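The block underneath contains the structure these notes are about, expressed in structure tokens.
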2 protein chains.
Amino acid sequence: MTQTPSAKPRKTASTAAGARKAGRGPAKTDMAGIAAVDGGADVEQRIYQSVFDGVLNQRLPPGTKLPEPALCSLFGVSRAVVRKVLQRLEHDRIVELRPNRGAVVAAPTPEETRKIFEARRALEAALVELAVQRHSGKDIEELHALLHQEEEAMANAYQPAWAQTARNFHLRVAALGGNPILLAYLTELISRCSLIVALYEPAGNAACEHEEHCDIVDAISKGDAKRAVAAMNAHLVGLEERICLERPSSVKTLAQMLNLA
Amino acid sequence: MTQTPSAKPRKTASTAAGARKAGRGPAKTDMAGIAAVDGGADVEQRIYQSVFDGVLNQRLPPGTKLPEPALCSLFGVSRAVVRKVLQRLEHDRIVELRPNRGAVVAAPTPEETRKIFEARRALEAALVELAVQRHSGKDIEELHALLHQEEEAMANAYQPAWAQTARNFHLRVAALGGNPILLAYLTELISRCSLIVALYEPAGNAACEHEEHCDIVDAISKGDAKRAVAAMNAHLVGLEERICLERPSSVKTLAQMLNLA
DNA sequence: ATTCTTCAAATCGTCGACGATTTTATGAGC
DNA sequence: GCTCATAAAATCGTCGACGATTTGAAGAAT
């Protein structure tokens, strides 16, 4: 509701004459070619990212409905593409698609949360072990650079920024494992974890987490697989334990939540 | 306008079910049973399964094109639903969706194959370790039942049947781990592995694999986590090593490959 | 005869529309 | 005043259609 009905697709042309370029395919309309990359080329990614960021920044609390017509007019595309994005979001467990009842932001249950963290521990343990075997000196340098970024983000005290750097760190460590498949699975899990952490984390243990990250890098750089796995496990267990169950709520329009308009 | 309150498009009346996942919620069994379960209820699952089985049984070799219009007329649905299924198949890495160029059956490269098996070893190791902790006596009985099925399938000498039982075994062991997320990931990986094995396996080592399965169950039943993980790892390494690179090819129509018509 | 150009056929991406289902608003009945 | 039945609105699932892109083949030039 409260939907401003003024938004309309840029070019409908429909049945009337002069429909020179009515049906816009994946063509970038060969403009200057610059803005096309982010502007009109991959609209799907933009929608996905908007919803994803909205969920991560708590503008879209769990249970928020995401009606297809609303997203259509917000992004100026047809339902076909919106529906495709929603399917991808459902697959990544960001939203839940209830048949004939629309899409809502996923609300992980405590039990689900436990399983997610358990799965994440298993994957990160395996990947850290691979990382110890396969890392090079240059990799360690890059990890140290990331740790430095974390310190800056900590000073900033803006939680989403810190969460972003922390996520980057874990993904980078996982990338050292050299297995794209496990990395893809872990990326999915880290997204879901971030979603949960963004909801429940009291926000204020960044320093503690940063210390643990440093431990992990130290163990990897020394080639101590056992200690690296143990440090990662301890870090993840600590992260899970810091979660408490409180859920803020607010009432805004979908456009506001998506940081549009 | 638009009278005809009773006239319906040719094949409707039941297509509106539209449940996406395997779990079908509202069971409207009032239609006196028209084989709705397999006939016209969940068409998407039927299409998915047809392609999946076709790939697994080598009727659909890698690189086979899957044009949307062909699938549409084969299954009597519109392109929207076919497209949805193809997206799901792409996500599960069964097919590859090239923009504007159609879908083809995925052809895993040797490098990819190595990574897939590596990921699978990591996941199954973690799950077997969980299974050792959480299994009950009844679970062991069921595993023994599965092993007995394997012996029957071995005598049958029909490779797809054996592959099916072997897959069941791994999935059942993984289910004992009690983590639906890891189980889902492993299901995906086992599908991809089966696809690869179906392509390359010389077919004839069933007895050897069965022995290794027995070892795994034995270790689990005795609560020996270390040995269970080692047995699983050895089993998977052996499976990977038995793969050679030969690829049969034949020329049939899509309908024949899908075992229709 | 080979190669490049040109054209037609096949196929894909997106759109608007229609029926079916769910949700919400309204009014009768207790 | 509250509850339940009814109707209207909103939303979802599917379909056919249109334009754009790719593919494959026919024809001209060297």
Side-chain angles (χ1 to χ4, degrees), chain A residues 1-3 5 8-30 40-45 47 63-87 90 95-104 254, chain B residues 1-21 24-26 28 40-45 47 63-87 90 95-104 254:
Chain A
M1 44 281 280
T2 75
Q3 172 105 332
K8 210 173 183 293
R10 300 202 290 277
K11 34 185 132 159
T12 31
S14 70
T15 58
R20 191 156 52 165
K21 66 190 312 197
R24 28 193 319 276
K28 320 165 193 184
T29 64
D30 88 338
D42 207 355
V43 195
E44 302 181 15
Q45 193 61 25
I47 303 177
T64 306
K65 292 202 298 184
L66 300 172
E68 296 176 10
L71 294 172
C72 287
S73 47
L74 278 176
F75 290 94
V77 291
S78 155
R79 277 181 51 211
V81 45
V82 164
R83 176 174 280 265
K84 199 192 308 187
V85 173
L86 285 177
Q87 265 182 283
E90 184 215 23
V95 309
E96 186 183 353
L97 242 59
R98 305 163 303 177
N100 270 317
R101 297 187 56 209
V104 295
L254 187 57
Chain B
M1 320 7 194
T2 71
Q3 301 83 342
T4 71
S6 61
K8 299 187 174 180
R10 45 198 177 96
K11 58 142 178 50
T12 53
S14 65
T15 56
R20 271 198 87 259
K21 295 262 173 164
R24 336 179 24 247
K28 3 185 350 184
D42 204 356
V43 193
E44 299 182 16
Q45 193 61 24
I47 302 177
T64 305
K65 291 202 298 182
L66 300 171
E68 296 176 9
L71 294 172
C72 287
S73 49
L74 278 176
F75 290 94
V77 292
S78 155
R79 277 181 51 212
V81 45
V82 164
R83 174 173 281 266
K84 201 192 305 186
V85 172
L86 285 178
Q87 264 182 286
E90 183 213 24
V95 308
E96 186 182 352
L97 243 57
R98 305 163 304 176
N100 268 320
R101 298 185 56 209
V104 296
L254 188 56

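Here is how names work: the chains are called A, B, and so on, in the same order as the sequence lines, proteins then strands, and each is numbered from 1. All values derive from a computational prediction rather than experimental measurement.
- When distances run from any side-chain atom of B:Asn100 to the nucleotides D:dT21, C:dT22, D:dG16, the shortest one goes to D:dT21.
- Here A:Lys84 reaches the OP1 or OP2 of C:dT14: one of its side-chain N or O atoms lies under 4.0 Å away.
- B:Leu66 has its CG atom 16 Å from the C1' atom of C:dA10, to the nearest Å.
- In the set C:dC12, C:dC15, D:dT11, C:dC15 carries the atom at the smallest distance from any side-chain atom of A:Val81.
- The closest side-chain heavy-atom distance from A:Leu71 to A:Val77 is not below 4.5 Å.
- Distance B:Arg98 CZ to C:dA10 P: 18 Å, rounded to the nearest Å.
- At a cut-off of 3.5 angstrom, counting only N and O atoms as typed in the model, there is no donor on one side facing an acceptor on the other between the side-chain of A:Arg101 and the base of D:dG13.
- Between A:Glu96 and A:Glu90, every side-chain heavy-atom pair lies at or beyond the 4.5 Å cut-off.
- Of all the heavy atoms in B:Val104 and B:Lys65, the pair that sits closest is CG1-CG, 3.9 Å.
- Listed nucleotides: C:dT14, C:dT11, D:dG13. Nearest to the side chain of B:Pro67: C:dT11.
- Side-chain proximity of A:Pro69 to the nucleotides D:dT11, D:dT21, C:dT14 is greatest for D:dT11.
- Atom C1' of nucleotide C:dG19 and atom CZ of A:Arg79 are separated by 12 Å, given to the nearest angstrom.
- The side chain of A:Lys65 lies closest to C:dT24, out of C:dT24, C:dT14, D:dG13.
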